[in-house]
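Worksheet for the structure shown next.
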Amino acid sequence: MSQPILVTGAAGGSQGSTGRLVADLLLKQEIPVRAFVHKLDARSGELRQQGAEIVAGDLLDPAAVQAAMKDVKRAYFTYPVAGGLLEAAAIFAASARDAGLELVVNNSQFQGVPGDPAFRDLRHAPSFRNLQHRLADRIFDWAQVGAVHIQAPPYYENVRALVSRSVAEHQAAFLPWGDGRAVIPLAGAEDVARVAATLLAQSGRPGQNVYPLVSETPSVGEIVEALGRAMGRSIRYVPISDEQWAQAVKERINPHALDHLSHLWQFFRKSEQRYQATDAVRVVTGRNPQTFEEFFRANAKSIAGAQ
Ligand SMILES: NC(=O)c1ccc[n+]([C@@H]2O[C@H](COP(=O)([O-])OP(=O)(O)OC[C@H]3O[C@@H](n4cnc5c(N)ncnc54)[C@H](OP(=O)(O)O)[C@@H]3O)[C@@H](O)[C@H]2O)c1
């Protein structure tokens, strides 16, 4: 493949760093990567050293996005949990249409599975952010740019961010997740990236237009037990109210993310839905998905030292 693959979010960020992981996976296969970064810094410097072509710009700037698509046929789109998703998706989709892209792999969010009557239904979005993803997916479909949507539930990385400090300081996870019986579907950002990179690297069209990607369906109690096993010590789950949680995290996450996550926790707490793991990772990559416990074992040291 001689034309570069355009990878947005390529410097990585505070969520799953999926763009960074996609760029790494493609570069390892010696596939040319045009890395779209928000700004030039140490992260973009590393990417350049790895062999990526760097373009710096704002996904909300049509001129920057159009310039980045020159001589590109395939692209990975990801946008942080912050305001502007719909504008960025529309700019990216319109620019991809004008540039004649054949494949856009879009990092979306979980919206149920095929066969579920609520699958992709706008009325069933658990948060405004999730509704924006449902609309962004449609914008990409309407643009006819060969869009494929990866729809994952909360990432393992998100749980790590939520619990690291309290586990390190108090051997406890303080979360507004109810009495411990709620089920929280999860997936690893590494698997999201592996699926995306595989679809981008393979010749021809992906087999599906939507890949719901659920790797695990643990209850809150099971999440905390797995965390304890991975850390080699007992971790307590301490249920707190939505208000206590919002108060504790409001300095660390932006208002858009706070709104999204608050609604998501309320949704999972009340949900009667029975989630099932999907086979997307195995079907696309030929490998089993990473388990939650494997992820926590791999990250135990950084969690233990979190401040
Ligand atoms: N976290 C979860 O649990 C989860 C679960 C399912 C789906 N998702 C979806 O995954 C997406 C986030 O994916 P991710 O893990 O790749 O995000 P991430 O780790 O937060 O990375 C976001 C990247 O986008 C860049 N960026 C931010 N604003 C930009 C702008 N205006 N123009 C250009 N680049 C910009 C950031 O650069 P700077 O750092 O330099 O600003 C960063 O490199 C969201 O759409 C979210 O809804 C997340």
Side-chain angles (χ1 to χ4, degrees), residues 6-25 34-47 52 54-65 67-68 75-92 95 105-111 125-137 140 149-163 184-197 211-216 252-254 256-261 263-265 268 280 292 295:
L6 176 62
V7 178
T8 63
S14 58
Q15 293 285 307
S17 286
T18 62
R20 176 61 201 235
L21 296 166
V22 169
D24 284 347
L25 288 164
R34 183 172 295 160
F36 193 99
V37 297
H38 204 186
K39 51 188 169 294
L40 298 175
D41 57 16
R43 298 170 300 169
S44 59
E46 257 179 48
L47 274 167
I54 308 294
V55 292
D58 194 323
L59 284 166
L60 297 170
D61 173 5
V65 174
Y76 176 69
F77 176 82
T78 189
Y79 190 84
V81 184
L85 172 65
L86 280 180
E87 292 85 343
I91 289 168
F92 204 85
S95 305
V105 176
N106 164 38
N107 185 22
S108 180
Q109 263 184 9
F110 187 63
Q111 301 167 29
S127 72
F128 183 67
R129 169 65 177 206
N130 188 272
L131 173 64
Q132 288 181 312
H133 272 297
R134 288 169 196 239
L135 293 167
D137 292 7
F140 278 117
H149 314 293
I150 300 182
Q151 298 178 343
Y155 296 159
Y156 302 155
E157 286 77 357
N158 201 339
V159 180
R160 177 183 60 188
L162 293 170
V163 302
I184 315 258
L186 297 170
E190 278 181 37
D191 281 320
V192 169
R194 202 164 282 122
V195 166
Y211 289 90
L213 200 164
V214 179
S215 298
E216 299 242 34
R252 283 187 283 141
I253 63 178
N254 68 53
H256 180 97
L258 182 60
D259 177 79
H260 167 56
L261 290 174
H263 282 90
L264 210 54
W265 307 150
F268 287 135
F292 180 69
F295 172 83

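Counting convention: from 1, in listed order, for ligands and their atoms alike.
- Asn130 places a side-chain N or O within 3.5 Å of a backbone atom of Phe110 that can act as its donor or acceptor partner.
- Close contacts of ligand 1 with Gly12, meaning ligand atoms under 4.0 Å from a residue heavy atom, involve 21 (O), 39 (O), 42 (C), 43 (O).
- Using a 4.5 Å heavy-atom threshold, the side chains of Asp259 and Arg129 count as separate.
- With sequence neighbours left out, the salt bridge (Lys or Arg N to Asp or Glu O under 4.0 Å) criterion links Arg34 to Glu53.
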Do Tyr76 and Asn107 pass the side chain to side chain contact (heavy atoms under 4.5 Å, CB included) test, and can you show the C-alpha distance, the side-chain angles, and the key distance before you say yes or no? CA-CA 8 Å; Tyr76 176 69; Asn107 185 22; 3.3 Å; yes

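- Note that CD of Glu190 is 10.5 Å distant from OG of Ser17, once rounded to the nearest 0.5 Å.
- Not a single side chain to side chain donor-acceptor pair (under 3.5 Å) links Asn254 to another residue, sequence neighbours left out.
- Put simply, the side chain of Thr18 never gets that close to the backbone of Ala193: no donor and acceptor are under 3.5 Å apart.
- In the vicinity of Gln109, heavy-atom distances shorter than 4.0 Å reach the ligand 1 atoms 6 (C), 7 (C), 47 (O).
- In this structure, Ser108 has a heavy atom closer than 4.0 Å to ligand 1.
- The closest approach between any non-hydrogen atom of Arg43 and ligand 1 is below 4.0 Å.
- Atoms of ligand 1 found under 4.0 Å from any heavy atom of Asn158, numbered from 1 in the order shown, are 1 (N), 2 (C), 3 (O).
- Judged purely by atom type and a 3.5 angstrom limit, Glu157 uses its side chain to pair as donor or acceptor with the backbone of Ala189.
- Set against the non-hydrogen atoms of Pro154, the atoms of ligand 1 under 4.0 Å away are 3 (O), 5 (C).
- Between Tyr76 and ligand 1, a contact under 3.5 Å exists for no N or O pair.
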Let me see the working for Phe292 and Ile184 under side chain to side chain contact (heavy atoms under 4.5 Å, CB included), right down to the final yes or no. CA-CA 12 Å; Phe292 180 69; Ile184 315 258; over 6 Å; no

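- The shell of residues lying under 4.0 angstrom from ligand 1, judged by heavy atoms, excludes Ala88.
- Contact annotation: for Arg129 versus ligand 1, heavy atoms closer than 4.0 Å belong to the side chain alone.
- A 4.5 Å side-chain heavy-atom check between Phe295 and Val159 finds every atom pair outside the cut-off.
- Within ligand 1, counting atoms from 1 as listed, the ones closer than 4.0 Å to a heavy atom of Val81 are 44 (C), 46 (C), 47 (O).
- Between Phe140 and Phe77, a ring centre-to-centre spacing shorter than 6.0 Å is recorded.
- Looking only at heavy atoms of the protein, atom 6 (C) of ligand 1 is closest to Ala152 O, 3.1 Å.
- Among all non-hydrogen protein atoms, the one lying nearest atom 24 (O) of ligand 1 is Gly9 CA, 3.6 Å.
- Looking at Val105 and Val22, their side chains never come closer than 4.5 Å, going by heavy atoms from C-beta outward.
- Taking the side chain as every heavy atom from C-beta outward, Gln132 and His260 never approach each other to under 4.5 Å.
- Taking atom 37 (O) of ligand 1 as the reference point, the nearest protein heavy-atom neighbour is His38 CB, 3.5 Å.
- For the pair Glu46 and Arg20, the minimum side-chain heavy-atom distance is below 4.5 Å.
- The side chain of Thr78, and not its backbone, has at least one atom closer than 4.0 Å to an atom of ligand 1 (non-hydrogen atoms only; side chain from C-beta on).
- Selection from Ser17, Ser127, Ala11 by nearest heavy atom to atom 19 (O) of ligand 1 gives Ser17.
- Within ligand 1, counting atoms from 1 as listed, the ones closer than 4.0 Å to a heavy atom of Gly57 are 32 (N), 33 (C).
- The residue Ala82 has no part lying near ligand 1, judged by heavy-atom distances below 4.0 Å.
- In terms of protein heavy-atom proximity, atom 17 (O) of ligand 1 is nearest to Gln15 CB, 3.6 Å.
- Of all protein heavy atoms, the one closest to atom 10 (O) of ligand 1 is Asn107 ND2, 3.0 Å.
- Where the criterion is an N or O separation shorter than 3.5 Å, residue side chain and backbone included, Gly13 meets it with respect to ligand 1.
- The single protein non-hydrogen atom nearest to atom 15 (O) of ligand 1 is Gly16 N, 2.6 Å, given as residue, atom name and distance.
- The distance criterion of under 3.5 Å between nitrogen or oxygen atoms is met by Asp58 with respect to ligand 1.
- If you check which protein heavy atom lies closest to atom 47 (O) of ligand 1, you get His133 NE2, 2.7 Å.
- For atom 32 (N) of ligand 1, the closest heavy atom belonging to the protein is Leu59 N, 2.8 Å.
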